[in-house]
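Chain naming here is simple, since letters A, B, ... match the order of the sequence lines and numbering starts at 1 in each.
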Number of protein chains: 2
Amino acid sequence: MPKVGMKDARRQQLIDATMDSIAELGMQNTTIVSISKRAGMSSGIISHYFGGKQGLIEAALRHLLDLLGTELRERMARTGSSPAQRLDCIIEANFSDFQRSALAAKTWLSFWARSMHEPGLQRLQQINKARLYSNLRYSFAEVLPASQATTAAHQAAAMIDGFWLRSALSQDPAASFEASEHFCKDFVHKVLAGAST
Amino acid sequence: MPKVGMKDARRQQLIDATMDSIAELGMQNTTIVSISKRAGMSSGIISHYFGGKQGLIEAALRHLLDLLGTELRERMARTGSSPAQRLDCIIEANFSDFQRSALAAKTWLSFWARSMHEPGLQRLQQINKARLYSNLRYSFAEVLPASQATTAAHQAAAMIDGFWLRSALSQDPAASFEASEHFCKDFVHKVLAGAST
DNA sequence: TTATATTGATTGAACGTTCAATCAATAATG
DNA sequence: CATTATTGATTGAACGTTCAATCAATATAA
């Protein structure tokens with residue numbers, strides 16, 4: 001029999017190559033050839049492992065969401081339990097080195113746009129959107145009354161997404177992400193400070 | 001001679017048809033046939049008036065930016081001159097009926113994603129991004145010290161874009177836009193209230 | 001007014017290109 | 001040897017662009 005355990009390795013290589021291609025060429029110009037070439041494999045392999053280009057695209061998004069979720073979980077385990085610490089942690093996870101890489105940023109934005117017209121991707125985005133809000137809401141609610149926590153969580157979630165979008169499109173993404181993280185924390189801290197007055 | 005004055009009318013019809021098609025099918029599935037069919041014209045007319053599909057896409061984005069700019073200017077002329085009034089006005093313009101329509105929202109997001117890999121579109125987006133920040137910054141600076149005004153303007157701009165993005169992808173865009181406008185104003189008002197303490 | 005000439009807006013078929021998917025052939029493994 | 005993994009040439013559909021032909025609207029002439 002052929003080498004065993006290749007399946008997962010090949011799938012991961014193809015997913016990485018997909019993000020490389022999207023980051024470099026854009027979703028528009030990413031083809032099964034541009035992906036398979038980057039992965040050092042042939043075009044036919046994509047249908048073999050993912051059933052087709054569409055399946056690979058969805059798997060790549062799922063992988064990005066997994067990374068984001070894992071990043072958050074690991075950081076949360078390492079941080080303190082105060083609302084301020086946990087909120088900082090959520091922000092940091094959303095602006096972590098990986099997330100702020102041009103590769104992830106461009107891939108992410110491409111998925112966002114495409115998810116408008118593809119139910120499979122849309123469902124994944126909705127889950128992620130809800131997760132960010134829910135995490136923020138939980139920590140705010142430990143300090144603020146319910147309605148204020150809801151407002152703050154919505155505002156913080158939108159601010160994170162907005163900064164993220166603006167940074168991804170920025171001329172200097174690295175510097176922009178850096179500043180964004182600071183601005184988001186500033187907002188959260190002011191909201192928490194206002195709670196005790 | 002052929003009917004005169006058709007040029008501008010036809011161009012506008014094609015731009016409208018382009019946004020219809022992008023809203024319905026997505027940028028991905030928008031073709032010169034899907035556009036020209038919606039405009040009730042033949043496929044060749046696009047090259048005749050815009051030099052090609054790419055030219056039409058850019059013209060459509062320029063049109064969206066014009067509408068947003070005009071909307072803002074007209075509202076500004078009608079509103080008071082206090083910073084609070086002007087900031088509210090900026091928010092309202094960004095969440096106006098036209099902007100919040102599914103058609104504009106989906107078209108806008110498609111342009112955002114595409115602009116990452118097309119310099120022509122990217123330039124237009126940068127100008128628009130800078131305009132929103134600059135308008136916000138100007139009004140905040142009338143009440144806040146420079147560095148605080150800068151922070152508030154960045155935060156407000158990101159919040160507007162973020163809410164806009166989340167609403168466009170929402171299951172119920174109309175309700176989401178409505179709430180977003182409220183949340184943005186709430187943020188701005190709290191920032192201004194904090195200035196007098 | 002009537003008839004003819006002129007204009008350029010508009011059409012749609014043809015063309016070359018690109019792409020995702022397929023599959024017969026081959027390589028590699030146990 | 002038997003089995004599976006992998007290749008890459010091939011296919012057919014879909015796309016944007018082009019352009020000769022058509023047509024309606026106007027200008028001009030008689």
Main chain of A:Ser42, side chain of A:Lys37: is a donor-acceptor contact present, judged purely on distance under 3.5 Å? no

Salt bridge (charged side-chain N to carboxylate O under 4.0 Å, His left out) pairs touching residues 118-133 of chain B, sequence neighbours excluded, are B:Arg114-B:Glu118

Pairs satisfying side-chain hydrogen bond (donor to acceptor under 3.5 Å, both in side chains), at least one member in residues 148-160 of chain B, at least two apart: A:Asp186-B:Gln155, B:Arg137-B:Thr150

Under 3.5 Å for both distances, Watson-Crick or G-U wobble, that's the pair rule; now give the dot-bracket for DNA chain D, with | marking pairs to another strand and [ ] for crossing ones. ||||||||||||||||||||||||||||||

Tell me the ring-ring contact (aromatic ring centres under 6.0 Å, His included) pairs involving residues 18-77 of chain B, sequence neighbours left out? none

Would you kindly give the CD1-to-C1' distance between B:Ile45 and D:dT17, to the nearest whole Å? 14 Å

Just by modelled atom types, is the B:Ile32 backbone N or O under 3.5 Å from a matching donor or acceptor in the B:Ser36 side chain? yes

Test: salt bridge (charged side-chain N to carboxylate O under 4.0 Å, His left out). Region: residues 24-34 of chain A. Which pairs qualify, not counting sequence neighbours? A:Glu24-A:Arg38

Proximity to DNA chain C (any heavy atom under 4.0 Å), residues of residues 19-34 of chain A only: A:Thr30, A:Thr31, A:Ile32

Taking only the side-chain nitrogens and oxygens of B:His48, find out if one of them lies under 4.0 Å from OP1 or OP2 of C:dT10. no

Name every donor-acceptor pair, under 3.5 Å, that has one atom in a side chain of residues 94-107 of chain A and the other anywhere in the protein, sequence neighbours excluded.
{"residue": "A:Asn94", "atom": "ND2", "partner": "A:Ile90", "partner atom": "O", "Å": "3.0"}
{"residue": "A:Ser96", "atom": "OG", "partner": "A:Ala93", "partner atom": "O", "Å": "3.4"}
{"residue": "A:Arg100", "atom": "NE", "partner": "A:Phe95", "partner atom": "O", "Å": "3.1"}
{"residue": "A:Arg100", "atom": "NH1", "partner": "A:Glu178", "partner atom": "OE1", "Å": "3.4"}
{"residue": "A:Arg100", "atom": "NH2", "partner": "A:Phe95", "partner atom": "O", "Å": "2.9"}
{"residue": "A:Arg100", "atom": "NH2", "partner": "A:Glu181", "partner atom": "OE1", "Å": "2.9"}
{"residue": "A:Ser101", "atom": "OG", "partner": "A:Phe98", "partner atom": "O", "Å": "2.9"}
{"residue": "A:Ser101", "atom": "OG", "partner": "A:Ala104", "partner atom": "N", "Å": "3.2"}
{"residue": "A:Thr107", "atom": "OG1", "partner": "A:Leu103", "partner atom": "O", "Å": "2.6"}

Rounded to whole Å, the CZ-P distance (B:Arg11 to C:dA9) equals 12 Å

Could you state the atom-to-atom distance from CZ of A:Phe50 to P of D:dA5 in whole Å? 14 Å

Give each protein N/O atom lying under 3.5 Å from an N/O atom of nucleotides 22-24 of chain C, with the pair distance.
none

Just how far, in rounded Å, is C1' of D:dC15 from CD1 of B:Ile35? 12 Å

Nearest whole angstrom, please: distance from the P of D:dA5 to the CD1 of A:Ile46. 17 Å

Residues at least two apart in sequence or cross-chain that pass side chain to side chain donor-acceptor pair (under 3.5 Å) with A:Thr70, listed by chain then number, are none

May I ask you to verify if any side-chain N or O of B:Arg10 is less than 4.0 angstrom from the OP1 or OP2 atom of C:dT10? yes

Rounded to whole Å, the CG-C1' distance (A:Leu56 to C:dC19) equals 15 Å

Using a 4.0 Å heavy-atom cut-off across all strands, classify B:Tyr49 as base, sugar-phosphate, or nothing. sugar-phosphate

Give a yes/no on whether any side-chain N or O of A:Ser42 is located under 4.0 angstrom from OP1 or OP2 of D:dG8. no

Which residue pairs pass the salt bridge (charged side-chain N to carboxylate O under 4.0 Å, His left out) test when at least one of the two sits in residues 57-67 of chain A, sequence neighbours left out? A:Glu58-A:Arg62

Taking the side chain of B:Lys53 as heavy atoms from C-beta outward, which of C:dT11, D:dT6, D:dT17 is closest to it? D:dT17

Partner residues of A:Arg75 under the salt bridge (charged side-chain N to carboxylate O under 4.0 Å, His left out) criterion, sequence neighbours left out: A:Glu71, A:Glu92

Summary of salt bridge (charged side-chain N to carboxylate O under 4.0 Å, His left out) pairs that have at least one residue in residues 145-167 of chain B, sequence neighbours excluded: A:Asp161-B:Arg166, A:Arg166-B:Asp161

